Amino acid sequence: MQRWVSLATNLVLVLPSLVIIAGVVLTILFFLPGPSTALECGEADRVIASSRPFADQFQLKWDSFNRSLDAGIAATATFDESEVTSRANRFMQEKPDPPFQDIVICMSSGDPTGEFEAIARSDIPALPDRIIRVRGSIDLQGEVPLVDIREIDIGKIFGFVLSVSGVQGALEDEMNDQLETLVLRHRYRIELSQSSLKVTGAQ
């Protein structure tokens with residue numbers, strides 16, 4: 001019994017020191033050089049533009065697509081990276097206090113399950129002017145879009161630090177909070193191919 005009491009006493013004495021050491025290590029790692037901070041999809045010859053005409057083009061396609069589904073007609077719509085990127089930026093600019101800007105959406109994974117890569121500049125107070133790069137998927141089968149982040153980099157911060165510190169979960173929650181205002185009129189299936197997104201109405 002005395003042995004267990006001694007062990008518990010030692011743990012109580014050592015635990016605060018371990019917590020402090022862990023905090024110091026995480027703080028150091030937080031500011032060490034980490035992944036690339038470039039706002040690009042990783043290919044020098046690949047141009048993804050964000051502009052009002054591309055956002056308008058996305059909206060015209062999306063509205064026409066939904067009108068067909070409203071009428072009970074099976075339909076699909078295909079969007080390129082510039083159209084998706086432009087509409088994402090317009091959506092964020094319409095927010096009174098947008099947490100992200102300079103968004104770039106990359107769809108070159110060729111993953112039919114719907115994985116994407118998104119890069120943006122953070123306006124979140126805790127991460128001012130940091131370049132955020134996430135890889136994950138978006139589910140359009142519910143009432144609102146739902147993002148699931150699989151990997152995350154924030155310029156000069158290692159991914160495992162973000163996971164351990166809870167930043168990854170908090171960022172995913174922030175993205176989904178922003179998307180809660182987008183009520184989906186139908187259920188949709190998505191498929192990514194080289195630089196394009198195909199959306200099919202799920203009746």
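Not measured: the values here are computed from a predicted model.
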Participant: Just verifying a value: how many Å separate Lys198 NZ and Arg189 CZ, rounded to the nearest 0.5 Å?
Facilitator: 9.5 Å
Participant: Any carboxylate oxygen within less than 4.0 angstrom of a Lys/Arg side-chain nitrogen, looking at Glu143 and Arg187?
Facilitator: yes
Participant: Is there side-chain contact between Phe100 and Met175, with at least one heavy-atom pair below 4.5 Å?
Facilitator: yes
Participant: Check whether more than 12 heavy atoms from other residues, nucleotides or ligands sit under 6.0 Å from atom CZ of Arg150, and answer yes or no.
Facilitator: yes
Participant: Do the non-hydrogen side-chain atoms of Glu191 and Leu197 ever get within less than 4.5 Å of each other?
Facilitator: no
Participant: Quick one: pull up CG in Leu140 and OG1 in Thr200 and give me the separation to the nearest 0.5 Å.
Facilitator: 11.0 Å
Participant: Check whether any side-chain N or O of Ser86 sits under 3.5 Å from a backbone N or O of Ser51 as a donor-acceptor pair, and report yes or no.
Facilitator: yes
Participant: Val147 versus Leu179: any side-chain heavy-atom pair under 4.5 Å?
Facilitator: yes
Participant: Do Val134 and Ile105 share a hydrophobic cluster, counting only Ile, Leu, Val, Met, Phe, Trp and Tyr and linking them when any side-chain heavy atoms are less than 4.5 Å apart?
Facilitator: yes
Participant: Hydrogens and angles aside, do Lys61 and Thr78 bring a side-chain donor and acceptor to less than 3.5 Å of each other?
Facilitator: no
Participant: Side chains of Asp63 and Gln59: do they bring a donor and an acceptor to under 3.5 Å?
Facilitator: yes
Participant: Where do Phe54 and Ala49 come nearest, in terms of heavy atoms and distance?
Facilitator: CE1-CB, 3.7 Å
Participant: Would you say the side chain of Ile138 lies within less than 4.5 Å of the side chain of Ile190, judging by non-hydrogen atoms?
Facilitator: yes
Participant: Can any side-chain N or O of Glu81 pair as donor or acceptor with the backbone N or O of Met107 at less than 3.5 Å?
Facilitator: yes
Participant: Under a plain distance cut-off of 3.5 Å, with no hydrogens placed, do Tyr188 and Asn66 share a side-chain donor-acceptor pair?
Facilitator: yes
Participant: About how many Å separate CG of Asn89 and CG of Asp102, when rounded to the nearest 0.5 Å?
Facilitator: 7.0 Å
Participant: Tell me, with the steps shown, if Arg90 and Asp56 meet side chain to side chain contact (heavy atoms under 4.5 Å, CB included).
Facilitator: CA-CA 10 Å; Arg90 174 180 289 180; Asp56 291 341; 2.7 Å; yes
Participant: Rounded to the nearest 0.5 Å, how far apart are CZ of Arg133 and CD of Glu151?
Facilitator: 11.0 Å
Participant: Taking the inter-plane angle between the rings of Phe58 and Trp62 on a 0 to 90° scale, is it parallel (under 30°), tilted (30 to 60°) or perpendicular (over 60°)?
Facilitator: parallel
Participant: About how many Å separate OG of Ser137 and CZ of Phe116, when rounded to the nearest 0.5 Å?
Facilitator: 7.0 Å
Participant: Should Leu69 and Val144 be counted in the same cluster of Ile, Leu, Val, Met, Phe, Trp and Tyr side chains packed under 4.5 Å apart?
Facilitator: no
Participant: On a heavy-atom basis, which atom in Gly201 and which in Phe65 lie closest, and how many Å separate them?
Facilitator: N-CZ, 3.5 Å
Participant: Would you say that Met92 contacts Pro99 through its side chain, given a criterion of any heavy-atom pair below 4.5 Å between the two side chains?
Facilitator: yes
Participant: May I ask you to test the Ile103-Ser50 pair for a side-chain heavy-atom distance under 4.5 Å?
Facilitator: no
Participant: Please report the interatomic distance CG(Leu184) to CG(Leu146), rounded to the nearest 0.5 Å.
Facilitator: 10.5 Å
Participant: Counting only N and O atoms by type, is there a donor-acceptor contact under 3.5 Å from the side chain of Ser64 to the main-chain atoms of Leu60?
Facilitator: no
